Amino acid sequence: MTYLRRAFKYFIQITLIFVAIIAILMLSGLASKDIDTAFRNGWTSVELILAAFAAMSLVYPLFGYAKRQINVKGDPAEHWAAIDGALEQRGYVKAGQTPEGGRKYHLGSPVNRLTRLWEDTITINPVLGGFQAEGLNRDLVRVVTSLDRKLNSYDN
């Protein structure tokens with residue numbers, strides 16, 4: 001269900017951006033206000049564009065969300081303070097616990113949350129050999145790199 005909710009949110013976001021761009025072009029006089037003139041095939045073109053947006057929205061959650069492993073030694077309980085601090089530095093606040101004994105974090109800024117359509121949650125669960133982080137791929141890469149540097153010493 002989460003997958004379909006995410007796909008629907010992205011469809012709405014892409015469609016609103018498209019409508020805003022077309023409206024600006026039409027209001028500025030750069031494009032005709034008549035849809036049949038503005039698009040080569042009129043309303044058929046609009047339907048095809050929306051179908052393409054729907055297809056893109058259905059595929060995006062496959063690539064937009066990921067899980068990453070953070071390898072650390074020792075008991076996971078001794079690392080939570082460092083994880084909380086690292087995520088706080090990146091603008092995240094603790095949102096709750098997971099059933100697996102992990103924690104959920106989301107962005108503290110309402111503007112950043114809005115730009116991600118409230119799909120900004122990073123979940124960190126303890127697993128054998130460290131932690132597993134799950135969330136939006138573009139944010140997850142930065143968070144995992146930050147946590148890896150914070151939790152592991154790479155000094156030679």
Side-chain angles (χ1 to χ4, degrees), residues 1-71 80 82-127 130-151:
M1 195 60 165
T2 300
Y3 185 88
L4 291 176
R5 180 177 41 87
R6 286 177 178 162
F8 180 72
K9 283 181 177 183
Y10 285 107
F11 176 76
I12 296 298
Q13 184 181 38
I14 293 169
T15 302
L16 288 175
I17 291 169
F18 172 72
V19 168
I21 290 170
I22 296 302
I24 290 169
L25 290 173
M26 288 179 171
L27 292 173
S28 67
L30 295 173
S32 172
K33 292 181 182 173
D34 179 26
I35 296 294
D36 291 320
T37 307
F39 293 98
R40 178 175 289 167
N41 295 323
W43 285 102
T44 304
S45 293
V46 174
E47 292 169 1
L48 291 173
I49 291 169
L50 291 176
F53 289 170
M56 289 172 20
S57 297
L58 284 172
V59 173
Y60 180 73
L62 287 174
F63 302 105
Y65 295 86
K67 292 181 181 180
R68 306 263 183 193
Q69 182 79 18
I70 306 164
N71 297 317
W80 284 117
I83 291 171
D84 289 342
L87 283 163
E88 186 177 302
Q89 286 178 341
R90 299 223 48 92
Y92 285 85
V93 295
K94 194 159 87 170
Q97 302 285 342
T98 67
E100 296 85 14
R103 296 183 181 173
K104 291 184 177 190
Y105 302 86
H106 66 74
L107 287 168
S109 165
V111 173
N112 286 338
R113 295 198 77 200
L114 174 66
T115 61
R116 288 168 176 79
L117 300 173
W118 293 274
E119 294 290 341
D120 61 331
T121 302
I122 300 281
T123 304
I124 299 179
N125 288 310
V127 294
F131 295 93
Q132 184 179 61
E134 181 179 358
L136 190 61
N137 206 10
R138 66 180 177 180
D139 294 334
L140 198 60
V141 171
R142 291 183 210 119
V143 166
V144 167
T145 302
S146 175
L147 288 174
D148 189 43
R149 287 186 182 147
K150 185 91 166 173
L151 299 174

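Count residues from 1 along the sequence. Note that the coordinates shown come from a computational prediction; the quantities given were computed from them, not determined experimentally.
In this structure, Arg6 satisfies the cation-pi test against Tyr65, with its NZ or CZ atom closer than 6.0 Å to the six-membered ring centre and inside 45 degrees of the ring normal.
Checked against Arg103 for a side-chain hydrogen bond (donor to acceptor under 3.5 Å, both in side chains), the options Asn125, Thr123, Asp84 give a single hit: Asp84. Paired with Phe39 under the rule side-chain contact (heavy atoms from CB on, under 4.5 Å), one option of Val46, Leu48, Asp34 passes, and it is Val46. For the side-chain contact (heavy atoms from CB on, under 4.5 Å) with Val144, the qualifying choice from Lys67, Arg68, Gln132 is Arg68, the only one to do so.
Across Leu151 and Ala82, no two heavy atoms sit closer than the pair CD2-CB, 3.7 Å. When all heavy atoms of Ala86 and Ser146 are compared, the closest pair comes out as CB-OG, 4.2 Å. Taking all atoms of both residues into account, the shortest heavy-atom contact from Ile70 to Leu147 is CD1-CD1, 3.6 Å. Among all heavy-atom pairs drawn from Gly135 and Leu140, the shortest one is N-CD2, 3.8 Å. Heavy atoms only, all atoms of each residue included: Thr98 and Gly102 are closest at OG1-N, 2.8 Å.
The main-chain N or O of Ala38 is never found under 3.5 Å from a side-chain atom of Ser32 such that the two would form a donor-acceptor pair. For Thr145 (side chain) and Val141 (main-chain N/O), a donor-acceptor pair under 3.5 Å exists by modelled atom type. Between the Tyr3 side chain and the Leu58 main chain, a donor and an acceptor come within less than 3.5 Å of each other.
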Q: Might you work through the salt bridge (charged side-chain N to carboxylate O under 4.0 Å, His left out) test for Arg5 and Glu119, ending with a clear yes or no?
A: CA-CA 10 Å; Arg5 180 177 41 87; Glu119 294 290 341; 2.3 Å; yes

Q.
Is there a side chain to side chain contact (heavy atoms under 4.5 Å, CB included) between Glu100 and Val127? Walk through the geometry before answering.
A. CA-CA 9 Å; Glu100 296 85 14; Val127 294; over 6 Å; no

Q. Run the side chain to side chain contact (heavy atoms under 4.5 Å, CB included) check on Tyr105 and Val143 step by step: do they pass?
A. CA-CA 11 Å; Tyr105 302 86; Val143 166; over 6 Å; no

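Around NZ of Lys9, the count of heavy atoms belonging to other residues, nucleotides or ligands within 6.0 Å exceeds 12. Within a 6.0 Å radius of CZ in Phe8, other residues, nucleotides and ligands contribute 12 heavy atoms or fewer.
Taking CZ of Arg142 as the reference point, atom CG of Leu136 lies at 9.0 Å (rounded to 0.5 Å). Interatomic distance, Ile122 CD1 to Glu134 CD, rounded to the nearest 0.5 Å: 9.5 Å. Residue Ile83 holds its CD1 atom at 11.0 Å from NZ of Lys94, rounded to the nearest 0.5 Å. Atoms OG and CD1, on Ser45 and Ile35 in that order, are 10.0 Å from each other to the nearest 0.5 Å. Atom CD1 in Ile22 sits 7.0 Å away from atom CD1 in Ile49 (nearest 0.5 Å). If you take CD1 on Ile24 and CG on Leu30, they are separated by 10.5 Å, rounding to the nearest 0.5 Å.
Residues Trp43 and Asp36 form a side-chain contact, since some pair of their non-hydrogen atoms from C-beta on lies under 4.5 Å apart. Using a 4.5 Å heavy-atom threshold, the side chains of Trp80 and Ile124 count as touching.
Checked for salt-bridge contact, Arg116 and Asp139 meet the test: a charged N lies under 4.0 Å from a carboxylate O.
No side-chain donor from either of Asp120 and Tyr92 sits under 3.5 Å from a side-chain acceptor of the other. Between the side chains of Thr44 and Asn41, not a single donor N or O lies within less than 3.5 Å of an accepting N or O.
The ring of Phe53 has its center no closer than 6.0 angstrom to the ring center of Phe11.
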